[in-house]
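First the structure, in the form of structure tokens, and then the observations on it.
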Amino acid sequence: MTHLNEEQIRLAGGRGSGDLETGARGHLNGCPECAARVAGTARLGAVLRADGPEPRPPSFDALIAPALAAERSARGPAAAPGLSARASLRLVAGLVARQARMVPRLLWPLSAVGFAVLLAAALKAPSPGLGALFLGPGATLLVTVGALAACEPRRDPRMELMRTMRVPPVAVWLSRLALVLGADLAVAGAVSLAAGLMHGGPGDAAVLVASWLGPALLGSALAVFGSVWRSPVVGAVLGASSWLLSTLAAGAGPATRGPLGPLTDTIGPVWSTGPVSLLLAAALLAWAARLVAREDRALPEG
């Protein structure tokens, strides 16, 4: 008769006979000697467990952290390696070029078509004032949509990996936002300059720029802040609301007051080009950048 080996005895005494093979279980049921050995192993295990808690190995952090802390205190704070001006420019250029690939492909052609339509409308308008009624809301909408597309969560894949790189995620995010906003604002400025010069001169171009600069920056800042703070849907709602208010503010005047005159007079100082709109836009963009810099509020992966 072949009895259970030591491993089978320990297994049956610690976990029960259910983990044994069918043949071993059958032998245990008919062998008083093996059953006595299993019962003794089970009693020994119960006594050891009752005598004290099950020993657990210390964690990796408990073993390594004190040694690392002592090493850091002995070496003192390490100075971060500096970059030369040329290396910094190379890093910025590479970062912007990489972020240009992350921008939705359809954004550039759609924006070009939109600005071309605005230029044609501004050139056909009989005066800069009427041209501003087309260019202001149109340019504001295009700039806001561009900012919203740049902040879409799927533009920031692998956030955990990005946080281990030399360039912080907020710098990556700001480079893409600056690229899209800068391109849209530059094209809108070129359209305003061309239409203004066709109508009369630099003064007319300034009127056209003033029709969209403040509302566009405020609307894009609201869209960016809403996307980072909550979600792209919230950003789109805030951006669309800002565009609607800026369109109403553009009609604030003696000839176009109508029943919404008091409302347009109230929102006019905010949703127009002036210190209030520019300061609000700067504050919202700074707040959004601060949220992106926080690990617990970073843009989620899409």
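All heavy atoms count here, side chains included; hydrogens, waters and symmetry mates do not.
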Which atom pairs, donor and acceptor, lie under 3.5 Å between side-chain atoms of residues 104-122 and protein residues at least two apart or in another chain?
| residue | atom | partner | partner atom | Å |
| --- | --- | --- | --- | --- |
| S111 | OG | L107 | O | 2.8 |

Practice item. Return the set of residues passing side-chain contact (heavy atoms from CB on, under 4.5 Å) with A240 (not counting sequence neighbours), or none when no residue passes. Key: none
Check your understanding: Atom CG of L179 and atom CG of L174: how far apart are they, to the nearest 0.5 Å?
Key -> 12.5 Å
Side-chain atoms of residues 200-222: list all donor-acceptor pairs with protein atoms under 3.5 Å, sequence neighbours left out, distances to 0.1 Å.
| residue | atom | partner | partner atom | Å |
| --- | --- | --- | --- | --- |
| D204 | OD2 | G200 | N | 3.3 |
| S211 | OG | L208 | O | 2.5 |
| W212 | NE1 | S192 | OG | 2.8 |
| W212 | NE1 | L208 | O | 3.2 |
| S220 | OG | A216 | O | 2.9 |
| S220 | OG | L217 | O | 2.9 |

Exercise for review: Answer with yes or no whether the hydrophobic clustering places L181 together with L141; edges join I, L, V, M, F, W, Y residues whose side-chain heavy atoms lie under 4.5 Å apart.
Suggested key: no
Review point. Taking the side chain as C-beta and beyond, is there a heavy-atom pair between V224 and L284 under 4.5 Å?
Key: no
Point to revise | Selection residues 269-284 - residue pairs positive for side chain to side chain donor-acceptor pair (under 3.5 Å), sequence neighbours left out | key: S242-W271
Point to revise | Partners meeting ring-ring contact (aromatic ring centres under 6.0 Å, His included) with W287 (sequence neighbours left out) | key: F225
**Study point:** Other ILVMFWY residues reachable from L193 by side-chain steps of under 4.5 Å
**Key:** L197
Point to revise | Residues which pass side-chain contact (heavy atoms from CB on, under 4.5 Å) with S231, listed by chain and number, not counting sequence neighbours | key: V233, V234
Check your understanding: Under a single-linkage definition using a 4.5 Å side-chain heavy-atom cutoff for Ile, Leu, Val, Met, Phe, Trp and Tyr, are V237 and V145 assigned to the same hydrophobic cluster?
Key -> no
Point to revise | Heavy-atom closest pair, residues V96 and S175 | key: CG2-CB, 4.4 Å
Exercise for review: For residues G146 and D184, report the shortest heavy-atom separation together with the two atoms involved.
Suggested key: CA-OD2, 3.8 Å
**Study point:** Partners passing side-chain contact (heavy atoms from CB on, under 4.5 Å) against R290 (at least two apart in sequence or in another chain)
**Key:** none
Review point. Is L280 reachable from V143 through a run of hydrophobic residues whose side-chain heavy atoms are each under 4.5 Å from the next?
Key: yes
**Study point:** Pairs satisfying side chain to side chain donor-acceptor pair (under 3.5 Å), at least one member in residues 135-148, at least two apart
**Key:** none
Review point. Which residues satisfy the side-chain contact (heavy atoms from CB on, under 4.5 Å) test with L244, sequence neighbours excluded?
Key: none
Practice item. Could I get the full list of salt bridge (Lys or Arg N to Asp or Glu O under 4.0 Å) partners for E6, not counting sequence neighbours? Key: R37
**Study point:** Contact summary for V228 and A288, nearest pair of heavy atoms
**Key:** CG1-O, 3.7 Å
